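The structure appears right after this line, and notes come after that.
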Amino acid sequence: CYDHENETVCPAVGESFSGQDAQYDGNQFSYTDNGDGTVTDNVTGLMWQQSPDTNGDGDIDATDKLTYDEAVAGAIVQTTGGYTDWRLPTIKELYSLINFDGRDPSGYAGTDTSNLIPFIDRDYFDFAYGDTDARERIIDSQYASSSMFVDGELLFGVNFADGRIKGYGLQMPFGPGEKTFFVIYVRGTIAYGINDFKYNDDGTLSDNATELMWSQDDSGTGLNWQEALAWAQTRNNENYLGYDDWRLPNIKELESIVDYTRSPATTGSAAIDPVFNATAITNEAGVPDYAFYWSGTTHANSRGGGSGAYVAFGRSLGYMN
């Protein structure tokens, strides 16, 4: 558990910062190493390649990274474990592997990665930070998904070094050539990540795909993280919509309701199913938009734990230069 800045004793119900991710069990990670270069996720039912060592030389470095086109083509000829039905994962499938026990190295000025903690389970998956010998940054551990941004210009990927989903241009931003990514392929059910919402006629929505229930309305106003945690607890005190076990979703639950076919620029809506009532805002650029939404999950980095994980259902603006 964390407060605004530091790790702390988990607070009791009703105390400040109560109700964060660390205080709920949820679906815990459960993997099986199949001993053939594959790992089965016992929670999702998906099977994964164990390593992004695409050239098979025993080292994971810049030479293993592929362009998007190479990653798509590579699935067709992939035979890891004797299987021939591998595919490039969707962003929701790829994000299912993220583990927020990790620690973001952003701001770390050193080169020794031995004490860093990535956002993926290293007991089951091979991992490497960026290849500094190839002039990469430590955080250059971006994995490709098959999910393009709805306007077709950016590829969604997961960075298991710094614990974020980002949109990546397929061309290098500061020089010639195509951007390259680490790649691990997936096989199994194609139903994972597909929502099955049911409106319950009482202000709640049930997602039959995850067995989670959601409130149809958001808070309607911006809250800091401490206030957001308290807001959920206040709803319990009020028996909101007839229930008293509301909480902030953990970050993987929150990401599960993103609709990657929608965006403010292309559909004039938040990137979420329109059965939800997403509050419109005016963003920092003075443009009509939709907000960032808190999860109950903290995002620790090299400077401490004073960050929270969120999902941008609108434009994910950032400060550049």
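Just so it is clear, the structure is predicted and the values come from calculations on it, not from any experiment.
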Non-hydrogen side-chain atoms of Leu46 and Glu93 separated by less than 4.5 Å: yes
Among Phe160, Tyr168, Tyr95, the one residue meeting ring pair (Phe, Tyr, Trp, His ring centres under 6.0 Å) with Tyr143: Phe160
Main-chain N/O of Ala309 paired to Ser295 side chain as donor or acceptor, under 3.5 Å: yes
N/O donor-acceptor pair under 3.5 Å between Asn283 side chain and Ala285 backbone: yes
Joint cluster assignment, Val150 & Val311, ILVMFWY side-chain distance < 4.5 Å: yes
Distance flag, aromatic centroids of Tyr68 and Phe181, threshold under 6.0 Å: no
Derivation and outcome, side chain to side chain donor-acceptor pair (under 3.5 Å), residues Thr40 and Asn34: CA-CA 7 Å; Thr40 298; Asn34 299 311; 2.9 Å; yes
Common cluster, Leu66/Ile60, ILVMFWY with side-chain heavy-atom separation under 4.5 Å: no
Connected via hydrophobic side-chain network under 4.5 Å: Ile281 and Leu317: no
Under 3.5 Å side-chain donor-acceptor pair for Ser269 and Thr267: yes
Backbone of Thr67 reached by a side-chain donor or acceptor of Glu70 within 3.5 Å: yes
Main-chain N/O of Cys10 paired to Gln23 side chain as donor or acceptor, under 3.5 Å: no
Gap between atom CG of Leu88 and atom OG of Ser146 - 0.5 Å precision: 5.0 Å
Tyr293 with Tyr290, same ILVMFWY side-chain cluster at under 4.5 Å: no
Asp61 side chain near Asp133 side chain, heavy-atom distance below 4.5 Å: no
Distance-only donor-acceptor check, side chains Asp140 and Gln142, under 3.5 Å: yes
Flag for Asn250-Tyr24: side-chain donor and acceptor within less than 3.5 Å: no
4.5 Å side-chain heavy-atom contact, Gln49 and Gln78: yes
Closest approach of Thr80 to Gly37 (non-hydrogen atoms, all atoms of both residues): CG2-O, 3.6 Å
Side chain to side chain contact (heavy atoms under 4.5 Å, CB included) evaluation trace for Trp225 with Leu248: CA-CA 10 Å; Trp225 191 61; Leu248 286 191; 4.2 Å; yes
Sub-4.5 Å side-chain heavy-atom contact between Gln50 and Thr38: no
Side-chain (Glu253) to main-chain (Pro249) donor-acceptor, under 3.5 angstrom: no
Between CZ on residue Phe29 and CD1 on residue Ile98, distance to nearest 0.5 Å: 8.5 Å
Stepwise side chain to side chain contact (heavy atoms under 4.5 Å, CB included) test for Gln216 and Tyr199: CA-CA 9 Å; Gln216 186 178 22; Tyr199 179 53; 3.3 Å; yes
Crowding at CD1, Ile190 (>12 non-hydrogen neighbours, <6.0 Å): no
Side-chain (Asp196) to main-chain (Asp207) donor-acceptor, under 3.5 angstrom: no
Ion pair check, Glu255 and Lys252, cut-off under 4.0 Å: no
Test ring-ring contact (aromatic ring centres under 6.0 Å, His included) applied to Tyr310 and His299, step by step: CA-CA 9 Å; Tyr310 61 86; His299 187 119; 8.9 Å; no
Step-by-step side chain to side chain contact (heavy atoms under 4.5 Å, CB included) determination, Leu170 to Glu178: CA-CA 6 Å; Leu170 299 185; Glu178 296 180 80; 5.5 Å; no
Between Lys92 and Asn195, a side-chain donor and acceptor under 3.5 Å: yes
Main-chain N/O of Thr266 paired to Ser263 side chain as donor or acceptor, under 3.5 Å: yes
Side-chain H-bond candidate by donor/acceptor type, Thr298 with Asp21, under 3.5 Å: no
Within-4.5 Å side-chain heavy-atom neighbours: Thr132 and Arg137: no
Arg262/Asp273 under salt bridge (Lys or Arg N to Asp or Glu O under 4.0 Å): CA gap, chis, key distance, verdict: CA-CA 8 Å; Arg262 306 176 68 86; Asp273 193 293; over 6 Å; no
Approximate separation, where rounding is to 0.5 Å, of Met213 CE and Asn208 CG: 10.0 Å
Geometric cation-pi criterion, Arg87 with Tyr185: 6.0 Å, 45°: no
Polar side-chain atom of Thr113 near backbone of Leu116 as donor-acceptor pair, under 3.5 Å: no
Atom CD of Glu227 with >12 non-hydrogen neighbours under 6.0 angstrom: yes
Candidate pair Phe276 and Phe197, rule ring-ring contact (aromatic ring centres under 6.0 Å, His included), full reasoning: CA-CA 10 Å; Phe276 288 91; Phe197 291 119; 5.3 Å; yes
Side-chain heavy-atom pair Met47, Asp85 within 4.5 angstrom cut-off: no
N/O donor-acceptor pair under 3.5 Å between Asp57 side chain and Asp59 backbone: yes
Donor-acceptor pair between Asn42 and Thr32 side chains, under 3.5 angstrom: yes
Rounded distance [0.5 Å steps], OG in Ser256 versus OH in Tyr192: 7.5 Å
Between Ser106 and Asp162: side-chain donor-acceptor atoms closer than 3.5 Å: no
Qualifying residue for side chain to side chain donor-acceptor pair (under 3.5 Å) with Asp217, from Thr204, Thr279, Asn277: Asn277
Heavy-atom side-chain proximity of Asp64 to Asn55 below 4.5 angstrom: yes
Side-chain ion pair, Glu284 and Arg315, N-O less than 4.0 Å: no
Glu211, CD: over 12 other non-hydrogen atoms inside 6.0 angstrom: no
Asp3 side chain to Thr8 side chain, donor-acceptor N/O pair below 3.5 angstrom: no
Asn301 vs Ser307 side-chain heavy atoms within contact, under 4.5 Å: yes
Point-to-point distance, once rounded to the nearest 0.5 Å, from CD of Glu136 to CG of Asp131: 5.5 Å
Main-chain N/O of Val77 paired with Trp86 side-chain donor or acceptor, under 3.5 Å: no
Shared hydrophobic cluster, Leu223 / Phe292 (ILVMFWY, side-chain heavy atoms < 4.5 Å): no
Can you list, pair by pair, the side-chain donor-acceptor contacts under 3.5 Å of residues 119-129, counting residues two or more places apart and other chains?
{"residue": "Asp121", "atom": "OD1", "partner": "Asp123", "partner atom": "N", "Å": "2.9"}
{"residue": "Asp126", "atom": "OD2", "partner": "Ser51", "partner atom": "OG", "Å": "3.3"}
{"residue": "Tyr129", "atom": "OH", "partner": "Ile117", "partner atom": "N", "Å": "3.4"}

Atom pair CD/CZ of Gln226 and Phe17 - distance to nearest 0.5 Å: 3.5 Å
